[in-house]
Amino acid sequence: EKGGHDWFMLKEIAEQPQAVADTLLGRLSDEGDLVLDEMRLSDQELRDIDKVFVVSCGTSYHAGLIAKYAIEHWTRIPVEVEVASEFRYRDPVLDRSTLVVVISQSGETMDTLMALRHAKEQKARVLAICNVNGSTIPRESDAVLYTHAGPEIAVASTKSFLAQIVACYLVGLILAQVRGIKYADEVAVIVRELQKLPEAVAQVLTQMEPVRELGRSMADAGTILFLGRHVGFPVALEGALKLKELAYIHAEGFAAGELKHGPIAVIDEGTPVVVIAPSPRGRSLLHGKVVSNIQEVRARGARTIVIAEEGDEDVVPYADHLIRVPRTPTLLAPVVTTVPLQVLACEIAATRGYDVDQPRNLAKSVTVE
Ligand code: M6R
């Protein structure tokens, strides 16, 4: 049933190219138009939206953080992202022209469900991104965009996360399309590049043996830090969450620019620091800054593990371990850069002798507030 893998989590990691492909399937026409009629929101309703909230928990919250970068950039509509357990208790400003996107793999998370109900009471439109057909969250939402990741058994979300990120891109692109931004060069390129993602994820998966070996060598770490900027920041948060929940090792994700404002003080001789490098020089203004951050932590004794695009030579002198990912447009990079972090957490947990699929204290769906 685990398809020859030791854990469901490994099986689900391996299924990610399919999860991404299936989530795109039938939703992009040959002309690059988005076909999302299933979503049940008219073009006019989508055009009326002047503000977006993304509300979710855990890994689904990290997908929301990535959505913000993409949706704001493509549409210029302001996007706020919030954990569901905080959302309704601070009386957020919502009205008919607000779109609240709730993201949930299970569709049963109580915090997210309560946030959704609050949004509906305030007359906002609610769109669910969900992996389980007919579950409570999509049933109570005005609109739904299903992720087609297939059943996810392991408690740790993997393939559903990649599918959620893809669904968020589709939401951004449909909002751009109804506003007539679709022919803007960048959006047209993104539509083409989205179709290449399943292949890119498959390519990353062929290079995971050195990552597993690296994981085995990190199993005794007392703390592991993750750094990223821009869309690499939510990926860093996700890498740290996976490690905490599976390996029970203290881990934190930071925006790399925040390092000098405090966290750098915890770095000690041998502290593993995983860095998600942005697109190389020339394609991201942030690349040079992240290279400096890698130098800074290394100068304080950190063992640096750098995830960088193929061909990015600037990071090479400062990486104790280098993990390569294929070239993608910056905003799409989380779909590939997340994968090694999943494998790393899984391997560290397995080396420590833990049950990867059923970590202590956790349940697959959290149905209490
Ligand atoms: O089913 P949901 O997406 O609503 O679940 C949200 C979180 O509980 C979930 O992502 C949790 O953080 C996972 N264990 C992460 O691996």
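Just so you know, residue 1 is the first one in the sequence shown, and it goes up from there. Basis for what follows: all heavy atoms, side chains included, without hydrogens, waters or symmetry-related copies. Whatever order the structure lists ligands and atoms in, that order sets their numbers, starting from 1.
- Using a cut-off of 4.0 Å between Lys/Arg side-chain N and Asp/Glu carboxylate O, Arg90 and Glu82 are scored as salt-bridged.
- Judged by the shortest distance from any of its heavy atoms, Val155 lies inside the 4.0 Å radius around the atoms of ligand 1.
- For the ligand labelled ligand 1, residue Ser365 lies outside the 4.0 Å heavy-atom shell.
- The closest side-chain donor-acceptor pair between Ser60 and Gln105, if any, does not fall under 3.5 angstrom.
- Cys57 O, 3.6 Å is the protein heavy atom nearest to atom 7 (C) of ligand 1.
- Below 4.0 Å from some heavy atom of Thr59 lie the following atoms of ligand 1, by number and element: 10 (O), 12 (O), 15 (C), 16 (O).
- Residue, atom and distance of the protein heavy atom nearest to atom 5 (O) of ligand 1 are Thr109 OG1, 3.5 Å.
- Gln16 and Thr158 share no donor-acceptor pair across their side chains, judged by distance under 3.5 Å alone.
- Contact atoms of ligand 1 toward Gln105: 1 (O), 2 (P), 3 (O), 4 (O) (distance under 4.0 Å to a heavy atom of the residue).
- Of all atoms in ligand 1, numbered sequentially from 1 with element shown, those under 4.0 Å from a heavy atom of Glu245 are 13 (C), 14 (N), 15 (C), 16 (O).
- The atoms of ligand 1 that sit less than 4.0 Å from any heavy atom of Ser104 are 1 (O), 2 (P), 3 (O), 4 (O).
- At a 4.0 Å heavy-atom cut-off, ligand 1 touches Lys242 through the side chain alone.
- Side-chain contact check for Cys346 versus Leu10: some heavy-atom pair is nearer than 4.5 Å.
- The option with the heavy atom closest to atom 8 (O) of ligand 1, from among Leu113, Asn131, Val366, Ile137, is Val366.
- The Ser60 neighbourhood of ligand 1 comprises atoms 2 (P), 3 (O), 10 (O), with distances under 4.0 Å to a heavy atom of that residue.
- Hydrophobic clustering (ILVMFWY, side-chain heavy atoms < 4.5 Å, transitive): Leu94 and Val52 are in distinct clusters.
- Contacts between Lys364 and ligand 1 below 4.0 angstrom, taking non-hydrogen atoms only, are absent altogether.
- Linking Ile, Leu, Val, Met, Phe, Trp and Tyr whenever their side-chain heavy atoms come within less than 4.5 Å puts Leu214 and Met9 in one cluster.
- Side-chain contact annotation: Asp48 with Ser97, donor-acceptor N/O pair under 3.5 Å absent.
- Numbered from 1 in the order shown, with element, the atoms of ligand 1 that lie under 4.0 Å from a heavy atom of Ser157 read 10 (O), 13 (C), 15 (C), 16 (O).
- Considering each of Ala345, Gly58, Ser160, the one bringing a non-hydrogen atom nearest atom 12 (O) of ligand 1 is Gly58.
- A salt bridge links Glu152 to Lys364: one of the charged nitrogens lies within less than 4.0 Å of a carboxylate oxygen.
- Counting heavy atoms from C-beta outward, Glu347 and Glu213 have side chains that stay 4.5 Å or more apart.
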